[in-house]
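Accompanying notes for the structure given below.
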Amino acid sequence: MKKRSELEQIPGVGKAIAEDLNNLGIHRVQELQNQDPEVLYQQVCDYEGKPVDRCMLYVLRCAVYYASTENPDPELLKWWSWKHKSYP
């Protein structure tokens, strides 16, 4: 049985999204600190060779917020809270 990825501690990040981040060379939460979610989203799309659902962008915004914020607002740890927000 494979060990759970450290990235899966991020709200909204499960096995599949952790794998997507691994494909970009991101394996630890701290590696997301101060990243640009828009750039990460484009990299995921490029890696997949096609546009990826916009919900991925919202999860990435949430993940970067989580990694970059010492005391995150619980409401902003819900990926859907990032639908109409940009980061930061």
Side-chain angles (χ1 to χ4, degrees):
M1 186 170 152
K2 189 176 176 187
K3 185 177 138 186
R4 187 175 164 200
S5 167
E6 175 186 319
L7 296 169
E8 290 179 60
Q9 76 182 340
I10 301 169
V13 174
K15 183 179 176 181
I17 292 177
E19 214 171 280
D20 289 333
L21 290 167
N22 289 170
N23 291 336
L24 300 182
I26 297 170
H27 303 280
R28 304 192 62 217
V29 173
Q30 85 179 79
E31 294 172 334
L32 284 167
Q33 287 178 346
N34 305 312
Q35 293 277 350
D36 183 332
E38 309 287 330
V39 170
L40 293 173
Y41 175 73
Q42 189 57 56
Q43 290 174 343
V44 171
C45 292
D46 291 347
Y47 184 87
E48 293 292 325
K50 63 184 180 198
V52 174
D53 190 299
R54 295 282 296 172
C55 291
M56 172 63 93
L57 173 60
Y58 313 146
V59 172
L60 292 170
R61 288 174 177 166
C62 181
V64 170
Y65 172 76
Y66 175 86
S68 304
T69 307
E70 193 170 322
N71 294 306
D73 178 337
E75 279 304 303
L76 293 178
L77 295 179
K78 299 172 184 167
W79 66 263
W80 55 88
S81 295
W82 292 93
K83 184 174 183 178
H84 300 294
K85 293 183 187 301
S86 60
Y87 182 86

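Note that the numbering runs from 1 along the sequence shown for the chain. Just so you know, these numbers use all the heavy atoms, side chains as well, and skip hydrogens, waters and symmetry mates.
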How long is the span from the [atom1] atom in [X] to the [atom2] atom in [Y], to the nearest 0.5 Å?
X	Y	atom1	atom2	result
Cys62	Trp80	SG	CH2	9.0 Å
Glu38	Arg61	CD	CZ	4.5 Å
Ser68	Gln35	OG	CD	8.5 Å

Where do [X] and [Y] come nearest, in terms of heavy atoms and distance?
X	Y	value
Trp79	Gly12	CD1-CA, 4.3 Å
Ser81	Glu75	OG-O, 2.7 Å
Cys45	Pro51	SG-CA, 4.0 Å
Gln33	Ala67	CG-O, 3.0 Å

Could you walk me through whether Leu32 and Leu40 pass the side-chain contact (heavy atoms from CB on, under 4.5 Å) check?
CA-CA 10 Å; Leu32 284 167; Leu40 293 173; 3.8 Å; yes
Do the side chains of Ile17 and Leu7 get nearer than 4.5 Å, heavy atoms only?
no
Check whether any side-chain heavy atom of Leu21 lies under 4.5 Å from a side-chain heavy atom of Leu60, and answer yes or no.
yes
Listed partners of Gln42 passing side-chain hydrogen bond (donor to acceptor under 3.5 Å, both in side chains), at least two apart:
Asp46
Check whether any side-chain N or O of [X] sits under 3.5 Å from a backbone N or O of [Y] as a donor-acceptor pair, and report yes or no.
X	Y	result
Tyr65	Asp73	yes
Asn22	Ile26	yes
Trp82	Leu76	yes
Glu6	His27	no

Can you name the side chain to side chain contact (heavy atoms under 4.5 Å, CB included) partners of Asn23, sequence neighbours left out?
Asp20, Tyr47
Are Arg54 and Tyr41 in a cation-pi contact, defined as NZ or CZ under 6.0 Å from the six-membered ring centre and within 45° of the axis?
yes
